Structures are given as C-alpha cells and as structure tokens.
Amino acid sequence: MKLTVLYFAWLRERIGLPRETVETDAVTVADLIAELSAREERYALAFADLKAVRVALDQDLSDFDAALDGVREIAFFPPMTGG
Amino acid sequence: MKLTVLYFAWLRERIGLPRETVETDAVTVADLIAELSAREERYALAFADLKAVRVALDQDLSDFDAALDGVREIAFFPPMTGG
Amino acid sequence: MTVRVQAAPFAYGAECEAFAAAAQGAGAVVTFCGLVRDNDGTLHGMEIEHYPGMTERALAKIEAEARSRWALSDALIVHRHGPLAPGEMIMMVATASRHRADAFAAAEFLMDYLKSRAPFWKKERTEEGTAWVAARDEDEDALRRW
Amino acid sequence: MTVRVQAAPFAYGAECEAFAAAAQGAGAVVTFCGLVRDNDGTLHGMEIEHYPGMTERALAKIEAEARSRWALSDALIVHRHGPLAPGEMIMMVATASRHRADAFAAAEFLMDYLKSRAPFWKKERTEEGTAWVAARDEDEDALRRW
C-alpha cells in the first residue's frame with residue numbers, strides 16, 4: 001500500500017521533511033508509527049511522546065487504533081493552536 | 001417638599017404628560033403613588049398594576065418602599081426594553 | 001471605556017475597526033450589534049424613548065460593573081434613541097480582553113443588563129398602529145446567571 | 001455561510017459592516033476577532049502553519065455543526081496563515097441570529113472548536129528564538145461544555 005505521509009509544525013521540523021510517500025503493509029496508524037520509528041532515530045524522536053501527537057486520515061481527525069485500509073493521505077501533527 | 005416627577009413610555013401616554021412638579025408630604029414612593037392615584041383617574045389607571053411599573057429616584061433604580069427624603073427627581077416607567 | 005447615547009446612526013464597521021485597532025495587545029475583541037428586525041415585513045418602524053441623564057448614568061454603571069468582574073482592556077457601548085427603520089442598527093457593545101472567555105462573558109453581561117436595566121423603551125409601528133414592546137421574561141431571567 | 005483561509009490581511013471593520021448589512025432581519029450579530037498579542041513587547045512576530053485542504057474542511061465542518069445547533073441566519077469564519085506581526089489580526093468569526101443568546105453561543109462554539117480542532121499551528125519569534133505555541137489545557141477543556 002502506498003501512503004502519502006504529511007508532517008506539520010515541530011513534527012515536520014524534527015523529521016526534517018513536510019511530506020513523503022511510504023510503501024507499507026501497516027494495518028493501523030500505530031503500526032505505521034512503529035514502522036517509521038524503527039526506520040530512523042529522527043522518527044523515533046518525533047513519535048517518542050504520542051500524547052503530543054495527533055493524526056488525520058484523509059484530512060479527518062482520527063486516532064492511533066484506526067485502520068489504514070483505503071486511506072491515501074495520513075498526517076501527523078501536534079495539538080492544534082488556531083484561533 | 002417639591003418633587004419633579006417624570007413619566008416615560010405608556011405611563012407618560014396614559015397620564016398625558018412627560019413631567020410635572022408635585023408638592024407633596026409623601027414619605028415613600030408608595031405614598032406618592034397613592035396620592036397621585038387619588039388625584040385623578042388617569043393616574044389611578046396608570047398605577048393600577050404596579051408589577052408593570054418601575055421607579056427611579058434621582059436617576060437610580062429604586063423600589064416602592066424607598067423613602068423620598070432628600071429626593072429631587074422621581075421617574076415612573078414600565079420595565080425597560082433596551083438593547 | 002466609552003458610552004454614547006445618540007439619535008444619529010453609527011457606523012458599525014468603522015466602530016469595530018477603530019475599537020480593534022486600539023485594542024492591540026488585548027488578544028480578543030468581541031463586538032455585538034442589535035438590529036431592528038422587520039418581522040417578515042410587518043414592522044414599519046420603531047421609536048426608542050429614553051431617560052436623558054439616567055441613561056448615560058445607567059450605562060456607565062453597567063460598564064463599570066463589567067470592568068470590575070472581568071479583565072477588560074477596553075469596552076464600548078453605543079445606543080441610539082428616536083425613530084428607527086427596519087434593518088437599522090439599534091445599538092452595539094464591544095469588549096477587549098487578553099483572553100476570549102473574558103471578552104465574551106463581558107459582552108453578554110453588558111447586553112443582558114442593557115436589555116433590562118437601562119432606561120430605554122421600544123415602541124413598534126405596524127399596519128395595526130403602534131404598540132410598546134413588552135419586556136420579555138427571558139431577558140429578566142438572563143440577569144440571574146451573573 | 002462563508003469560510004475563508006488566507007495569507008492576506010482582512011479588513012475587520014469592512015467585514016463586520018458587510019456581515020451586519022447582510023444580516024437584516026436577524027436582530028443580533030456577534031463578531032469576534034483574535035489579534036497577535038505583543039506580550040509587553042517581547043514578541044517579534046508569529047508564523048501560522050496550516051494544513052491546506054484539511055483546514056477548509058475542518059472549518060466547514062465546525063461551521064455546519066454550529067448551524068445545526070443554533071438558529072443562525074448567517075456565519076463567517078476568516079483565518080489567516082503565514083507570517084504575522086504583533087497587533088495584527090489573526091482571525092475572525094461572525095454569527096447572525098434572531099436572538100442574541102444563539103448568536104453569542106454559536107460564536108463561542110466556533111472559537112472553541114477553531115482553537116483545538118482546526119489544523120493551525122502557531123510559532124512565536126522572540127529575542128530568544130522561535131518556539132511552537134503549546135496547546136492550552138483550558139482550550140481543550142472549553143470543548144466539553146458543548
């Protein structure tokens with residue numbers, strides 16, 4: 001499965017890129033996070049404290065247990081600070 | 001004691017004047033209302049339902065039990081509908 | 001901190017712009033404006049009577065009370081009297097504060113008190129004639145939350 | 001019902017004026033505007049990052065939710081992104097309704113959701129460098145009242 005992965009704010013800065021395409025067999029968001037974290041230390045650091053991470057699947061807020069089946073775009077970012 | 005008495009909204013219309021000077025020995029607002037109501041029917045009609053009447057003494061909201069001692073201006077009007 | 005009672009129309013946009021421009025450093029600005037509802041075309045016009053002298057006094061007291069309850073960097077009340085056409089603006093309030101919760105609460109407080117504690121009386125003109133607007137129980141009830 | 005996400009400044013006064021003019025018959029208009037606080041001169045500037053696509057989608061959802069909860073005749077959300085100077089306006093919301101309670105509640109609801117559920121992230125620039133603004137617990141708590 002091919003996924004577009006987006007990073008925002010300090011997750012983008014820590015990982016060092018705003019987006020990438022990932023080829024993965026991860027079933028859930030949590031699986032993908034584990035896979036990325038195992039890949040390189042900068043990912044492991046960015047995902048070290050998941051309480052500070054939010055996820056959106058195809059531009060809708062979701063959670064770490066959610067299945068990736070059918071998803072094309074996944075985004076990771078810190079808690080939002082708009083307004 | 002000489003008092004300036006003001007009437008607003010439908011109290012003004014029912015009594016037929018916006019203000020008058022009254023020479024009175026009334027001790028409280030209620031006394032003055034009784035005195036005016038005894039004077040002419042238009043006053044009695046205007047003050048018939050006191051739940052629908054508000055009073056201000058020298059431009060501060062007050063109540064019917066309040067003393068008139070030292071007061072120079074008294075105003076009667078219906079519940080306010082600003083905003 | 002400004003209170004204005006006037007027969008003339010006011011420019012809501014210009015008031016909002018000037019208020020927000022002066023509120024730099026505040027963070028949050030809330031403005032409210034009340035308009036004459038046309039009630040589906042049945043309202044021909046409105047006349048607002050007030051009690052000159054007491055009106056300004058009552059509004060200044062309400063505004064001082066709001067400032068004592070919330071950390072406001074600024075507040076504004078403008079209220080018209082005299083004849084108004086459907087769709088015209090009757091009044092506005094504006095509040096500025098560091099945080100939005102204070103600005104919102106203070107603006108609602110000002111409105112609730114203005115409705116029932118400032119000496120204004122509305123008279124509506126329809127096809128059937130004129131009638132004084134009755135005070136609404138909800139408006140009196142709204143005061144109890146503060 | 002309008003949602004705009006833009007880098008360009010917006011004219012708060014003109015927006016308020018146009019919104020209120022279009023709200024004739026509504027009776028009550030509430031507008032809110034959020035400004036960049038200068039924090040006593042220590043803030044040099046701010047940068048707002050957002051998630052193009054999701055931002056518009058999230059704001060439209062929040063606005064639709066507000067419309068389903070309150071009787072709004074109109075609503076507006078404008079939110080900027082990119083670099084902002086102290087004192088500049090970040091965003092605004094406006095609501096129009098027949099009664100003020102609905103207009104106030106809907107405006108506060110829009111603000112609460114915008115703060116914590118729309119994909120914007122603020123980065124502040126001070127003498128000491130830049131730092132991402134941390135989400136405040138109060139902002140998350142504020143959602144629970146709705």
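Note that the coordinates shown come from a computational prediction; the quantities given were computed from them, not determined experimentally. Chain letters run A, B, ... following the sequence lines, proteins first and then strands; every chain starts at 1.
Listed options A:Met80, A:Glu13, A:Glu73 were ranked by heavy-atom pairs under 4.5 angstrom with chain D; first place goes to A:Met80. Note: D:Met54 leads D:Arg117, D:Met54, D:Met111 in heavy-atom pairs under 4.5 Å with chain A. Contacts with chain D were tallied for A:Pro78, A:Pro18, A:Ala75, A:Ala52; A:Pro78 has the most, counting heavy-atom pairs under 4.5 Å. By number of non-hydrogen pairs under 4.5 angstrom with chain A, the leading residue of D:Gly34, D:Ala134, D:Gly53 is D:Gly53. Among A:Asp60, A:Leu6, A:Asp58, the residue with the largest count of heavy-atom pairs under 4.5 Å with chain D is A:Asp60.
Looking at A:Arg12, only its side chain comes within 4.5 Å of chain D, counting heavy atoms on both sides. The part of D:Met91 that comes within reach of chain A is its side chain, from C-beta onward, which places non-hydrogen atoms under 4.5 angstrom from that chain. Heavy atoms of D:Ala58 lying under 4.5 Å from chain A are absent altogether. Residue D:Lys123 touches chain A through its side chain alone, counting heavy-atom pairs closer than 4.5 Å. For chain D, the nearby parts of A:Ala9 are the backbone and the side chain; heavy atoms of each come within less than 4.5 Å. Heavy-atom distances place no part of D:Ile48 under 4.5 Å from chain A, backbone and side chain included. Only the backbone of D:His50 comes within contact range of chain A, judged by heavy atoms closer than 4.5 Å.
With D:Lys122 contributing its side chain and A:Thr81 its backbone, the two residues share a donor-acceptor pair below 3.5 Å.
Within 6.0 Å of atom CZ in A:Arg42, more than 12 heavy atoms from other residues, nucleotides or ligands are found, so the atom counts as buried in its surroundings. For A:Glu23, the CD atom counts as densely surrounded, since its 6.0 Å shell holds more than 12 non-hydrogen atoms of other residues, nucleotides or ligands. Crowding of A:Asp49 atom CG: a count of heavy atoms from other residues, nucleotides or ligands under 6.0 Å exceeding 12. For D:Glu138, the CD atom is densely surrounded, since the number of other residues' heavy atoms within 6.0 Å is greater than 12.
The aromatic rings of D:Phe120 and D:His79 sit parallel, their planes meeting at an angle under 30°, below the 60° perpendicular limit. Ring geometry for D:Phe109 against D:Trp70 counts as perpendicular: the plane angle is over 60°, on a 0 to 90° scale with 30° as the lower cut. Ring geometry, A:Tyr7 versus A:Phe76: the interplanar angle falls under 30°, so the pair is classed parallel (tilted spans 30 to 60°).
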